[in-house]
Amino acid sequence: MAKHETPLLDQLEGGPWPSFVSDLKHQAETKPEVYDILGQLELSYKDRITHWKHGGIVGVFGYGGGIVGRYSDVPEQFPGVEHFHTIRVAQPASKYYSTENLRKLMDLWEKHGSGVTNMHGSTGDIILLGCRTEALEPFFWDLTHDMGQDLGGSGSNLRTPECCLGQSRCEWACYDTQETCYHLTLHYQDEIHRPAFPYKFKFKFSGCANDCVAAIARSDISVIGTWRDEIRIDQAAVKEYVAGNYPANGGSHSGRDWGPFDIQKEVIDLCPTECMWMEGDELKIDDKECTRCMHCINVMPRALRPGADQGASVLVGAKAPILDGAQMSTLIVPFMKVEKENEYEELIEFIETVWDWWMEVGKNRERVGETMQRIGLNNFIKIMGLEPIPQMIRIPRENPYVFWAEEEVEGGFDRDIDEFRARHAA
Amino acid sequence: MAKHETPLLDQLEGGPWPSFVSDLKHQAETKPEVYDILGQLELSYKDRITHWKHGGIVGVFGYGGGIVGRYSDVPEQFPGVEHFHTIRVAQPASKYYSTENLRKLMDLWEKHGSGVTNMHGSTGDIILLGCRTEALEPFFWDLTHDMGQDLGGSGSNLRTPECCLGQSRCEWACYDTQETCYHLTLHYQDEIHRPAFPYKFKFKFSGCANDCVAAIARSDISVIGTWRDEIRIDQAAVKEYVAGNYPANGGSHSGRDWGPFDIQKEVIDLCPTECMWMEGDELKIDDKECTRCMHCINVMPRALRPGADQGASVLVGAKAPILDGAQMSTLIVPFMKVEKENEYEELIEFIETVWDWWMEVGKNRERVGETMQRIGLNNFIKIMGLEPIPQMIRIPRENPYVFWAEEEVEGGFDRDIDEFRARHAA
Amino acid sequence: MGYNPDKPMEGRITDLGPPHYAQFFPPVIKENKGKWLWHEILQPGVLMHKSETGDEVYTVRVGTARLMTCQFVREICDIADAHCDGHLRFTTRNNIEFMVDAKDKVQPLLDDLASRGNKFPVGGTGAGVTNIVHTQGWIHCHTPATDASGPVKVVMDELFEYFTSMTLPAQVRIALACCLNMCGAVHASDIAILGIHRKPPMIDHKRITGVCELPLAIASCPLGAVKPAKAMVDGEEIKSVSVTVERCMFCGNCYTMCPAMPMADPDGDGIAILVGGKVSNTRSAPKFSKLVIPFLPNNTPLWPETVEAVKKILEAYAKDAKKYERVGEWAERIGWERFFEKCDIPFTEKSIDDYRLAYNTWRTTTQFKFTSHIK
Amino acid sequence: MGYNPDKPMEGRITDLGPPHYAQFFPPVIKENKGKWLWHEILQPGVLMHKSETGDEVYTVRVGTARLMTCQFVREICDIADAHCDGHLRFTTRNNIEFMVDAKDKVQPLLDDLASRGNKFPVGGTGAGVTNIVHTQGWIHCHTPATDASGPVKVVMDELFEYFTSMTLPAQVRIALACCLNMCGAVHASDIAILGIHRKPPMIDHKRITGVCELPLAIASCPLGAVKPAKAMVDGEEIKSVSVTVERCMFCGNCYTMCPAMPMADPDGDGIAILVGGKVSNTRSAPKFSKLVIPFLPNNTPLWPETVEAVKKILEAYAKDAKKYERVGEWAERIGWERFFEKCDIPFTEKSIDDYRLAYNTWRTTTQFKFTSHIK
Ligand code: SRM
Ligand code: SRM
Ligand code: SRM
Ligand code: SRM
Ligand code: SF4
Ligand code: SF4
Ligand code: SF4
Ligand code: SF4
Ligand code: SF4
Ligand code: SF4
Ligand code: SF4
Ligand code: SF4
């Protein structure tokens, strides 16, 4: 495979941001098929259109996911990308690596594939871009045997779970997002690799309401850390903030002169529940009104910490817009202990209750959020065996269209029209 | 007609609130058929159910509305209410009366009807409750000939318009609600009396955003006063408020000790746009950020007044929940001059554009708000011949599902699949 | 003279419209229209408006039952004649307003009103409870699920002190509608009392052919619960309809369209309580009322459960809300989970929306308060 | 050894899952997991976390193109080997994090990074712009309406100063998705760049029989625009589908389900800009992004219109918003009419929702601002 002229792509080599074009060119020097990647992409830039064919069903034996088939629609021009399947390799929780591991993986990928990756895919996998069909099994063999690693998900199955870095390097994580993510990923290997669902299903785990893995926006089950006791206050540190000795928001705003720190304006007035106030130079919080939004803690990390009785909220149903419009996850369990001690029993039970039902009633290509919408939140709550509580809703219903079951209504639904007419002439 | 025992209703004669039961009993002394009203109502209290039959088509010649037919389903027991039609008499704008007029109307009603009324119906009419079919025409004759008055609306037509008292006794009215209401009511007599619409249609006129006639919640076209220049401030009066010399909110809160008036807390902090502040003892308003919500003016009526360049916002589509759920009216024309000088030309043109379209495409029993929902706000705006402006929406669309017309897209929609395939192998 | 049934069209007058409002203005109103500068509520039920001409008008607001007889209206006229030069008005919430043009005319008017027993309560202004906007109920309508005048009377009896005082955080607008048609502004009230049915329609096969157009009856149901069906009447098969009861949400539209589908029932019918609506654009945008108590029985004649529920909500609000805060603004500030707790209302699934735009009501944030609902 | 195609099932290993994360932790992370007390951003791209053990970890965050080669990953490894004992991580937004356990190790690391040209920009922390979360585009996917890596490169080139500084009112999250499938969190981003199609699918009658299940293709359309139809192929009538183009909203789901319905087009495709979404529950609830610019052309290779639009919005926001206020919080505070004005974006009907829950987006209050939109 030879070099192609890439006058359009070449224009993406300047500028301060890292250039994928330069990187690809560099790789092409030792991996000439990458010239064809550049060539086909240049053609797309010229034609302003993709040059990949629709789909293509490929995979490795015994797996229903993990590989996304892809073929060029101009293979004669660019034989190096005729087959260009992606392989999704399950990433380690929160994406820490040893260079040893990474180098090995890269060696493997240069051997079997194009040498081009995404670190990482939007779901969190290591994405290896561009593999020929015949190289899939050999790659998989080496991946499992030589590295002890495995594919991630694709198709109508559980997708590779993802988490924020949590307790590993963040002071706010209210449960161990990594261990939870890892445990459930292993626990559900079968669900990840063998599609048995109506459509895709995603888990994401964030340690607190800042939600650094965007769980609430893009996972069918979103587990987000919170606490149920009081925010831990270090009043001495509060004073340091007030005195301007500690930078607000951990220094996040230090690039601009926003004036001296004003605890009233920057913390108390921005608390959404108005549950904070100063008493002299002490900061007071009416914790029972706090909704644990994290704002005050974010702004004064050295003075405030989440409470010590920690756990997570479990929300269900986020998804992108296809088809009925995007959804954020809905709060279903306000507080759940998420603990390795009992092997995440409560969470697992919750997940499986969702699945058992969704696998039965979910339509083809219907995300669980859409199924929830179709059957209604009330029915979903019943199916989950939960009590309806106001925490599940933002506001009570604004219409009067309540369904009543026959057994709730004195005397039931059956009435005799003749008896009625005897009392009410028509 | 004889007196009935009314042990249940009798219990509604005590208590400090005026008793309709006592009133009816009193009237019954001179109008014995009222005993049958009491009797049938007592039966309803016993049976816990209405004793009126469904509907009944009655009316006066040439009118398609103004009378609601009603028959008892227990006429043998209560012959006095066998026929019990209501007559809706159009009320004078904002319901001022001379006692002369009222006495005359009462005489007429005692003569032809039951002697029982609602002052007023929810739409605003004078409701005369309970008339026999054969008395309808004689009553109507006398109403028109002796009193020069007329029926209001019912059925699928324009309903009797209604307005707040506006300039007659309120300092905040931004246009003459009464004259507008009166003028349009006369202008549209035909539409009020002869149903030609898909369903009912209501106008209501409020002089300002306080909306004392609840126009935004219950009229298909809601005309609500506003201004486009600056709030008029009397700084001397501001000082009086701050000094506690004038009662806040016109004395509305004087029954409880809320502490001394705090302009910051009670006015500035409650301004939804945060566009007010104090400069020394002067109150400043950044009027271009003001959304004319009325709060500050309500709280300091002696210091603040609406601007002088006045007019109204026109909103469309409010309705009760049947069928698709309740709607509030939607802002369509943010600012319109509403003036007698040009005989409300602009407003009338607006109204008729709505009607022309709705009469054509509205389904049977579809309120205009529902038709708007069915065809979409964009189409409605086009039909109205208006430019889309952000004031019509609360937020821009959250989904990506935009319709594009063929002529908007370079090259149109027609494409040749074979040409496409020549460039993109399948 | 008068109507001649033999010549109904002779001498007929139509389309006169309402009388011109200005002829009924008290002189002080006529002269000062458009010139008012400011107002003050001097005491509950008594307003003073000041004109730029220096004139003042004193308004005394009086509650009524709305359902009133000719005799009663004449008594009102007597009062207006005695004190107000024969003028008066009604408000948009069915109160009467007596206006006088000088302060010293106020007390005699108040004294006169007070002398007439419970007929003419003065109040309904400012941060209090004004008259309950309501509908027909069993006094006139064919679709009610409760009475109107009766529940209004018992609720106002109980809340009377709030009508005659101004001690609440803000105005509280209560409305009642006797069925889901919601004649009034129940859907946008601080506290709404709503008559609801809970039994699906019966079908009067004997009469349906004569009184209904079947396609209209079928089309009337927003949930498609009304289906074409055959029925036997007097041994003959006729075309009729059936109702899939599990799909029925008791809206009553089928009965509106078809008299052969009655719904009302002594046990099925009752009252739901909705709260937190508002109409004004003041501070916050208008809001719909929200359903918080799905059902209370029609315990005639005193509806004790309804009275208690309304009072409980009102008093929880009175105790907790900030000055100027309407019921809905308060509930939003404290959060609805806290609202249920503070008002001591059990939360039920019935408050969870499952209609058309339901997704918008789900809680799609981790922000919530720990209330007693979380076990 | 290695895979033996003749005995594919022999020695097969499956369901290993990912490696355990802890084996990859740098020692300071391993020892202090769960013990962190607080953090501080020392300079753009450099974080310090303090543990209750007294330990500190210094993190240097580096932007990447995400699309990266094996060679590039090896270069990253070289850096990690030189400075970080062979450890590193990637963030949830495709940045690299190099961690060291002492302050004096930071500067050598920064110097090394700086020495490598534009490959390793340090930044992406605090109140700035971090990496753009994005998708495949023309590099790999079959449904894109624009490229991903190219637009991201040109936008980040232009916004580079905001990546390397912390001068904004709050963090600004930009995302790009190349089609309506929105792989990523475009629907909840401060600024979203979204590839959109604007031409209805073509129908490849010649191939449809072989590659599509017609009922699935028909069912795929949320608006029922795909209908069964007959077509002539080589003189023979076959079963196929047709598309009612006026009903098509270009969602692309039919193409996803049926390869014989391609949509992409050089002129039809382009970019829409959405703004004001957020994910965090901080202060306000998560918000969806809102469509404010319906279409910008795919002017390769530099997408100047897109770059300009994003920059204009960002700078209007930077100038006007309050400290801590996210883009969406700012727009809501000033009002969307003012947003369009301040960002100098022409308002079009395309920003007016007409999908399923559209009524919730209408303005049902009299509260509005007078902007230039009102003539
Ligand atoms: C008399 C009155 C109630 C009252 O006690 O004051 C009333 C009474 C009836 N209304 Fe109403 N409506 C009355 C004001 C309203 C209002 C309030 C308003 O106009 O401001 C509304 C809510 C606003 C609105 O229009 O949406 C209202 C919304 C309805 C509806 C639901 C309409 C909807 O689109 O959701 C119906 C159902 C119907 O039309 O089939 C309805 C139907 C009815 C019917 C005709 C019953 C029916 O199903 O056919 C009632 C006749 C009662 C009777 O026996 O006299 N009535 N109705 C009000 C008219 C008096 C007057 O002219 O002044
Ligand atoms: C007389 C009446 C108009 C009429 O044409 O009849 C009227 C008259 C006044 N209203 Fe009203 N409002 C009247 C119904 C309404 C309604 C409609 C309704 O309740 O159905 C509303 C909307 C209610 C809602 O939002 O749900 C209404 C919302 C207001 C507000 C907004 C208050 C708020 O903070 O939301 C004000 C301003 C205020 O009170 O500070 C207001 C203020 C006023 C003022 C002060 C206006 C003025 O300067 O004269 C009048 C005396 C207020 C008082 O009584 O405390 N008026 N006012 C109505 C009296 C009804 C009654 O008998 O009680
Ligand atoms: C490293 C990373 C987690 C990971 O597992 O990889 C992370 C790390 C931190 N986040 Fe985050 N966040 C990370 C993605 C996110 C995301 C997800 C996203 O952007 O897709 C969000 C939600 C974004 C949104 O709301 O749209 C997110 C919303 C926050 C917030 C909430 C800010 C707000 O006011 O809305 C905070 C609190 C703060 O910054 O004050 C926060 C705070 C933090 C802190 C300060 C936590 C800590 O104590 O260490 C970390 C450093 C912040 C910084 O860089 O300024 N992090 N953070 C992610 C870095 C992404 C990157 O490379 O730029
Ligand atoms: C590779 C990746 C984009 C990337 O560049 O990172 C991707 C690529 C594709 N996504 Fe995705 N999605 C990817 C993460 C996402 C995410 C983000 C996430 O998981 O957090 C979403 C939004 C969240 C969600 O699931 O709702 C997402 C929402 C979609 C959708 C719309 C789903 C919906 O319910 O609305 C589709 C359409 C479909 O499934 O037919 C889709 C479909 C696709 C397909 C399979 C195209 C198709 O129509 O069949 C793409 C294959 C591209 C290719 O050639 O490799 N992808 N997709 C991401 C997976 C990498 C990984 O495993 O780490
Ligand atoms: S979500 Fe919370 S716990 Fe997780 S990294 Fe972000 S701030 Fe830390
Ligand atoms: S976490 Fe949020 S709600 Fe709780 S006190 Fe802090 S700012 Fe207020
Ligand atoms: S709506 Fe405004 S103008 Fe009309 S009475 Fe009420 S406060 Fe006065
Ligand atoms: S009218 Fe409302 S928005 Fe305008 S300044 Fe007064 S309080 Fe603020
Ligand atoms: S609310 Fe219902 S029952 Fe009551 S008057 Fe209106 S239509 Fe009749
Ligand atoms: S009451 Fe309403 S939902 Fe029930 S059958 Fe009748 S129309 Fe349908
Ligand atoms: S957003 Fe669309 S085009 Fe881009 S990778 Fe995802 S599915 Fe493919
Ligand atoms: S693109 Fe979407 S709306 Fe258009 S025909 Fe295909 S499925 Fe239907």
Side-chain angles (χ1 to χ4, degrees), chain A residues 209 211 216 224 226 228 272-274 288-293 313 315 317-318 325 327-331 334-335 372-373 375-379 381-382 387-406 408-413 415-418 420-421 424 426, chain C residues 180 182 187 194 196 198-200 202-207 211 245 248-251 259-260 262 265 267-268 272 274 288-292 294 332-340 347-356 358-371 373-375:
Chain A
D211 196 359
I216 205 168
I224 302 179
T226 194
R228 58 182 169 190
T273 63
E274 305 173 19
K288 72 179 191 316
E289 301 305 321
C290 165
T291 54
R292 301 160 317 285
C293 83
S313 299
L315 301 91
Q327 278 180 247
M328 302 280 182
S329 280
T330 296
L331 186 63
F335 189 85
M372 283 168 76
Q373 282 210 48
I375 69 155
L377 185 53
N378 271 323
N379 285 328
I381 295 165
K382 254 177 235 148
E387 286 295 309
I389 54 175
Q391 280 80 1
M392 294 165 173
I393 56 171
R394 187 175 58 83
I395 48 170
R397 71 177 329 128
E398 296 184 324
N399 62 65
Y401 295 145
V402 173
F403 288 97
W404 291 90
E406 181 153 16
E408 293 176 304
V409 182
E410 297 74 6
F413 286 171
R415 295 182 282 166
D416 187 324
I417 184 74
D418 296 322
F420 181 83
R421 283 290 176 232
H424 303 273
Chain C
L180 268 52
M182 292 199 192
H187 61 298
L194 175 66
I196 59 159
R198 294 185 306 159
K199 297 201 180 188
M202 286 175 277
I203 297 158
D204 192 346
H205 297 298
K206 284 189 195 136
R207 291 179 36 78
V211 299
V245 296
C248 178
M249 59 182 188
F250 318 99
C251 72
D265 184 87
D267 298 318
L274 295 85
F288 290 115
S289 317
K290 280 124 191 118
L291 187 138
V292 296
E332 283 176 13
R333 176 173 59 80
I334 64 172
W336 283 97
E337 62 269 47
R338 186 67 81 214
F339 169 90
F340 281 95
F347 182 81
T348 76
E349 51 157 32
K350 304 288 194 271
S351 285
I352 299 182
D353 195 1
D354 45 13
Y355 198 51
R356 225 165 44 95
Y359 173 69
N360 281 301
T361 67
W362 299 3
R363 189 175 306 222
T364 53
T365 169
T366 60
Q367 289 199 34
F368 68 89
K369 294 184 181 179
F370 284 97
T371 57
H373 304 96
I374 298 176
K375 299 289 164 354

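Numbered from 1 within each chain, the chains take letters A, B, ... in sequence-line order.
- In this structure, CE in A/Met392 is found 11.0 Å from CD in C/Glu349, a value given to the nearest 0.5 Å.
- Interface residue A/Asp418: only side-chain heavy atoms are found under 4.5 Å from chain C.
- The CD1 atom of A/Ile393 lies 10.5 Å from the NZ atom of C/Lys290; values are rounded to the nearest 0.5 Å.
- Among C/His205, C/Glu332, C/Arg338, C/Lys375, the residue with the largest count of heavy-atom pairs under 4.5 Å with chain A is C/Arg338.
- Contacts of A/Glu274 with chain C are made by side-chain atoms alone, with heavy-atom separations under 4.5 Å and no backbone atom involved.
- In terms of heavy-atom pairs under 4.5 angstrom with chain C, the leader among A/Gly412, A/Pro388, A/Ala405, A/Cys290 is A/Pro388.
- For chain C, the nearby parts of A/Leu331 are the backbone and the side chain; heavy atoms of each come within less than 4.5 Å.
- When each of C/Ile203, C/Asn360, C/Asp353 is checked for heavy-atom pairs under 4.5 Å with chain A, C/Asp353 comes out on top.
- Contacts between C/Tyr355 and chain A at a heavy-atom distance below 4.5 Å involve backbone atoms as well as side-chain atoms.
- Contacts between A/Ile375 and chain C at a heavy-atom distance below 4.5 Å are absent for every atom of the residue.
- By number of non-hydrogen pairs under 4.5 angstrom with chain A, the leading residue of C/Pro294, C/Cys251, C/Ala272, C/Ala358 is C/Pro294.
- Contacts of C/Ile352 with chain A are made by both backbone and side-chain atoms, with heavy-atom separations under 4.5 Å.
- For chain A, the nearby part of C/Ile196 is the side chain; its heavy atoms alone come within less than 4.5 Å.
- Side chains of A/Gln391 and C/Thr371: a donor-acceptor N/O pair is present below 3.5 angstrom, by distance only.
- Heavy-atom distances place no part of A/Glu406 under 4.5 Å from chain C, backbone and side chain included.
- Of the atoms belonging to A/Leu315, it is side-chain heavy atoms, and not backbone ones, that fall under 4.5 Å from chain C.
- For the set C/Asp265, C/Val292, C/Thr364, the count of heavy-atom pairs under 4.5 angstrom toward chain A peaks at C/Thr364.
- Residues A/Ile389 and C/His373 share a closest heavy-atom pair of CG2-O, 3.4 Å.
- Atoms CH2 and CD1, on C/Trp362 and A/Ile395 in that order, are 13.5 Å from each other to the nearest 0.5 Å.
- If you measure heavy-atom distances from C/Pro262 to chain A, the contacts under 4.5 Å come from both the backbone and the side chain.
- Note: A/Ile417 CD1 to C/Arg207 CZ = 9.0 Å, rounded to the nearest 0.5 Å.
- Classification of the A/His424-A/Phe420 ring pair by plane angle, with boundaries at 30° and 60°, yields parallel.
- With respect to chain C, the highest number of heavy-atom pairs below 4.5 Å among A/Pro272, A/Cys293, A/Pro334 belongs to A/Pro334.
- The structure places CZ of C/Arg333 at 13.5 Å from CZ of C/Phe339, a figure rounded to the nearest 0.5 Å.
- Legend: residues meeting ring-ring contact (aromatic ring centres under 6.0 Å, His included) with A/Phe403, ordered by chain and number and at least two apart, are absent.
- In this structure, chain C has a heavy atom under 4.5 Å from the backbone of A/Ser329, while its side chain stays farther away.
- Residue C/Leu180 comes nearest to A/Pro400 through the heavy atom pair CG-CG, 3.6 Å, listed as atom of the first residue, atom of the second, then distance.
- Interface residue C/Thr361: backbone and side-chain heavy atoms are both found under 4.5 Å from chain A.
- Here the shortest heavy-atom pairing between A/Pro396 and C/Trp336 reads CD-CD2, 3.4 Å.
- Both the backbone and the side chain of C/Arg198 come within less than 4.5 Å of a heavy atom in chain A.
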